[in-house]
Amino acid sequence: MIVRTRYAPSPTGDPTIGNIRTALFTWALARANGGTFLLRIEDTDRKRLVETSVQAIYDSLRWLGLEWDEGPGVDGIHAPYFQSQRLPLYEKTAETLIAKGRAYRCFCTAERLDRLRAEQAARKQPPGYDGLCRELEPEASLRRARAAPFVVRFKMNRDGVTVLDDLIRGPVTFENALQDDFVMLKSDGYPTYHLAVVVDDTEMEITHAVRGDEWISSAPKHLQLYEALGWTPTRFAHLPLILGPDKKKLSKRMGDTAILDYRDKGYLPEAMINFLAFLGWSLDDKTSLITIEELAERFSVERVVPNPAVFDIERLDFLNGHYIREMDETRWLTTVADWCDRRLPRSVRRPVDRGVISAVAPLLRERVKRLDQIAPLVEFLFGFEAPEHTAVELADRLAGDYALALAVVDAALLALDPVPEERWEREPIEAAVRGMEAAVSMKLGKFVSVLYVAEMGRGQGIPLFDSLAILGRERSLHRLRTARARLEHAG
RNA sequence: GGCGCGUUCGUCUAGAGGCCCAGGACGCCGCCCUUUCAAGGCGGAGAUCGGGGGUUCGAAUCCCCCACGCGCUACCA
């Protein structure tokens, strides 16, 4: 079995959720069956070609661990893997088809085609090429070809039906009378998708192809091409679409953004894989967590559902949190350090203090769903001065009572000041803060938010006692004094 | 408009005639735990299986009709 995934570098951007889900299923199909996973770059649209997005497909696939067995950088017998380097193949096939009478040169201008479409629309007729150039004499066609630009159209068989035997949906029947002669070779000599996919899948000995459902209506074109050429068609699996929350095909606007954006927002590859795997596929009635290894082993195209799935980011977030908590200690430490180096304000010296990192890392684990949430949570540990906050924020959980907040800060100062530098650790700090309950006649749970704001500039965050221990005595007390000053000012 | 595909809790899905007055997961709600926030534990609400006809002793599962949604309808992929 050889399966391929394909990618067209274009300005619409880098590989998205949809693209990568197709790649994932393709990869899994290959792995589960001991097949070859091949990557092909379909750069036939010269008008929209964007070189940089070729790199993005490599990065996207590699980030997720979807290594290709053959493709760019991994030359095999089916090279080259860029369609722009395979032009003679398409041209030769087009010539063959013309010679067989199954294709013809078309000299119609874009203007005529536009007009034709407009007329058809006005008459409420289905749009389609009217076949003007279909019956041109071979001699005349050849002669005109020397002087005028032309495209090559495939002569569709208009009788009977074409049946696609889809791996997911079973037989799908298309009325041939409704088909029209599509362009297979453009006037710039590049093939359209339809020609290229058939030629390359055959040349590359692709046995199975997974693609999005938006392609299913062009399947008869491909099937007829195979037939006209006397080639055996690739088996197709048309994946259901991924829908946005608006139930429309997932758009760039609604979350079908580049997969690498998800990486940059702090999603883990294992979460992304797990998430994508269950978008249209399931293992059984119980499993909702799966690793890439298990997917590679147990994926089966028979268990892909035919109906579209709505993209639900909350599930992705849940999975990401899950895999963050699953990480081994070393990797978590490296990850936290990395995201601190990347996301902390510029004023913080790099590399960020590794001692501080290893102290906070364990506190972060179950509080973070995305890696980009790390920096805001630990930012208060860097820099001597108190974080920006106002008296309003300090007294927020105390119903805006400045005096009460002030009493809390004073009590904290009183309780913590006696803790000496050498005993400035979690337990003594905790004992001191708990001891404040009597002094302020409030439960810890009630007044603690004042201290959160004073020390870290936010009403909630990583555990307070540990935070103070990491912050150190001098900085902790200094922040309390700053808070007191602000409260006095406000009062 | 035409053609195609699809329709089970809010969402992802399990389900291929009796195991289903429908199971799991996310989310939601409540309780417990608790220094905030989380995480975790326990429990709960939530789908008359799009609607209507059949077939059958019996249908989410098979057949027919309808409705709705989406996709495609380029010298883009």
Side-chain angles (χ1 to χ4, degrees), chain A residues 6-10 12 42-45 47-48 106 108 110 113-114 117 120-121 123-129 149-153 164 166 169 172-175 178-180 182-188 190-194 196-197 211-220 238 240-241 243 245 247-249 275 278-289 303 305-319 321-322 325 363-369 377 397 430 433-434 443-453 456 458-467:
Chain A
R6 40 167 294 281
Y7 176 70
S10 81
T12 33
E42 311 210 328
D43 53 350
T44 55
D45 187 352
K47 290 191 199 78
R48 304 200 309 164
C106 172
C108 294
L113 262 18
D114 284 343
R117 261 190 292 275
Q120 286 165 334
R123 267 182 270 126
K124 292 203 195 297
Q125 287 177 335
Y129 184 60
F150 62 90
V151 301
V152 179
R153 285 183 188 273
L164 161 73
D166 190 73
R169 291 159 213 281
V172 180
T173 305
F174 299 89
E175 203 79 44
L178 271 10
Q179 301 292 332
D180 78 326
F182 62 92
V183 173
M184 55 186 223
L185 208 60
K186 297 183 265 191
S187 53
D188 65 359
Y190 280 78
T192 60
Y193 170 82
H194 307 300
V197 76
R211 52 162 42 158
D213 199 29
E214 68 267 29
W215 288 108
I216 204 164
S217 25
S218 51
H238 288 93
L241 296 174
L243 271 25
K247 306 268 175 143
K248 290 206 189 340
K249 182 177 163 184
F275 176 74
F278 287 112
L279 227 47
W281 177 81
S282 68
L283 179 61
D284 53 35
D285 58 336
K286 295 271 188 299
T287 311
S288 54
L289 296 173
R303 289 195 62 86
V305 295
N307 47 300
V310 173
F311 175 85
D312 177 21
I313 192 130
E314 299 210 47
R315 181 181 296 273
L316 212 207
D317 285 341
F318 161 78
L319 289 168
H322 171 81
R325 278 168 254 130
L363 308 175
L364 253 19
R365 248 203 154 98
E366 57 272 8
R367 291 179 173 76
V368 159
K369 274 190 168 150
L377 242 22
R397 296 281 267 272
E430 176 167 0
V433 174
R434 284 189 188 283
K443 283 289 189 189
L444 178 57
K446 175 101 171 147
F447 68 76
V448 77
S449 72
V450 179
L451 305 182
Y452 271 90
V453 176
M456 28 205 238
R458 36 158 64 211
Q460 78 263 339
I462 58 175
L464 181 71
F465 309 138
D466 299 278
S467 300

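Here is how names work: the chains are called A, B, and so on, in the same order as the sequence lines, proteins then strands, and each is numbered from 1. This structure is a prediction, so every number in the text was calculated from the model and none was measured.
Between A:Arg325 and B:A38, a side-chain N or O to OP1/OP2 separation shorter than 4.0 Å is absent. For the pair A:Lys248 and B:C70, the criterion of a side-chain N or O lying under 4.0 Å from OP1 or OP2 is met. Regarding contacts with the backbone of B:A74, every side-chain N or O of A:Thr192 stays at 4.0 angstrom or more from both OP1 and OP2. Between A:Arg303 and B:A16 there is no side-chain polar atom (N or O) within less than 4.0 angstrom of OP1 or OP2. Taking 4.0 angstrom as the limit, A:Lys249 places a side-chain polar atom (N or O) nearer than this to OP1 or OP2 of B:C72. Residue A:Lys186 places at least one side-chain N or O under 4.0 Å from the OP1 or OP2 atom of B:C76.
Backbone-only engagement by A:Leu279 is indicated by non-hydrogen atom pairs under 4.0 Å involving sugar-phosphate atoms exclusively. Note on A:Val197: nothing from the nucleic acid sits closer than 4.0 angstrom, heavy atoms only. Residue contacts for A:Pro463: at a heavy-atom cut-off of 4.0 Å it reaches a base atom on one of the strands shown. If you check every strand for non-hydrogen atoms under 4.0 Å, A:Asp114 touches nothing.
The partner of B:G4 is B:C70, by the rule that a Watson-Crick or G-U pair needs both atom distances under 3.5 Å.
Nearest-nucleotide positions on RNA chain B for A:Pro308 and A:Arg6 put A:Pro308 closer to the 5' end.
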